[in-house]
Amino acid sequence: MKTILANASNSLFVRNFLRSDAIKILLESKKIRLVFLAPEKKIEYYSKEFPNDLITFDVLPDVKSSKIERFFKFLEMASIHTKTSYMLT
């Protein structure tokens with residue numbers, strides 16, 4: 001079994017990815033396990049929202065980001081055009 005490790009600190013990414021057809025295709029084979037690292041306060045929510053034996057959520061250590069990182073995060077979010085991002089504006 002192969003394991004895919006992903007950072008789940010961005011809630012929009014996690015919800016959009018886990019609700020997509022890509023996740024269904026990946027998990028159909030039962031040969032891939034997904035491990036998402038998320039902030040501790042989100043683990044319970046994600047586990048309830050996306051129950052699956054092949055999807056695991058582990059704690060991502062809380063790290064303070066610098067001003068430049070926050071700036072690029074803003075640019076990232078502002079440049080992604082999804083239904084969710086339009087609903088938030």
Side-chain angles (χ1 to χ4, degrees):
M1 178 175 286
K2 295 188 184 232
T3 301
I4 298 175
L5 180 66
N7 179 352
S9 62
N10 182 331
S11 300
L12 292 176
F13 165 76
V14 174
R15 285 182 287 196
N16 287 337
F17 180 70
L18 290 176
R19 290 182 179 141
S20 72
D21 290 335
I23 196 75
K24 294 172 189 166
I25 293 168
L26 283 173
L27 297 178
E28 272 180 357
S29 69
K30 307 263 188 224
K31 294 181 181 179
I32 294 177
R33 182 172 64 115
L34 296 169
V35 178
F36 290 96
L37 299 177
E40 188 171 5
K41 62 185 177 185
K42 302 265 184 169
I43 298 286
E44 186 178 343
Y45 168 76
Y46 288 148
S47 297
K48 287 180 183 176
E49 184 75 18
F50 306 105
N52 190 311
D53 292 339
L54 297 174
I55 300 174
T56 306
F57 296 96
D58 287 329
V59 177
L60 178 68
D62 191 22
V63 178
K64 182 119 173 129
S65 57
S66 66
K67 287 182 183 179
I68 192 76
E69 288 173 314
R70 289 192 301 268
F71 171 73
F72 281 113
K73 184 164 183 101
F74 167 78
L75 283 181
E76 173 192 18
M77 294 306 296
S79 64
I80 298 174
H81 302 289
T82 64
K83 288 181 183 179
T84 306
S85 64
Y86 285 119
M87 290 176 4
L88 294 174
T89 58

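Index from 1, following the sequence.
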Listed partners of L75 passing side-chain contact (heavy atoms from CB on, under 4.5 Å), at least two apart: F71, F72
Going by side-chain hydrogen bond (donor to acceptor under 3.5 Å, both in side chains), name the residues that satisfy it together with S66, two or more places apart in sequence or in a different chain. E69
Among Ile, Leu, Val, Met, Phe, Trp and Tyr joined by side-chain contacts under 4.5 Å, find the other residues sharing a cluster with L34 and list them by chain and number. M1, I4, F13, V14, F17, L18, I23, L26, L27, I32, F36, I43, Y45, Y46, F50, L54, I55, F57, V59
Can you run down the salt bridge (Lys or Arg N to Asp or Glu O under 4.0 Å) pairs that involve residues 25-45, sequence neighbours left out, and say none if there aren't any? E44-K48
So, for A8 and P39, which heavy atoms are closest and what is the spacing to 0.1 Å? O-CD, 3.9 Å
Partners meeting side-chain hydrogen bond (donor to acceptor under 3.5 Å, both in side chains) with N7 (sequence neighbours left out): S9
Qualifying salt bridge (Lys or Arg N to Asp or Glu O under 4.0 Å) pairs, either residue in residues 18-27, two or more places apart: R19-E49, D21-K24
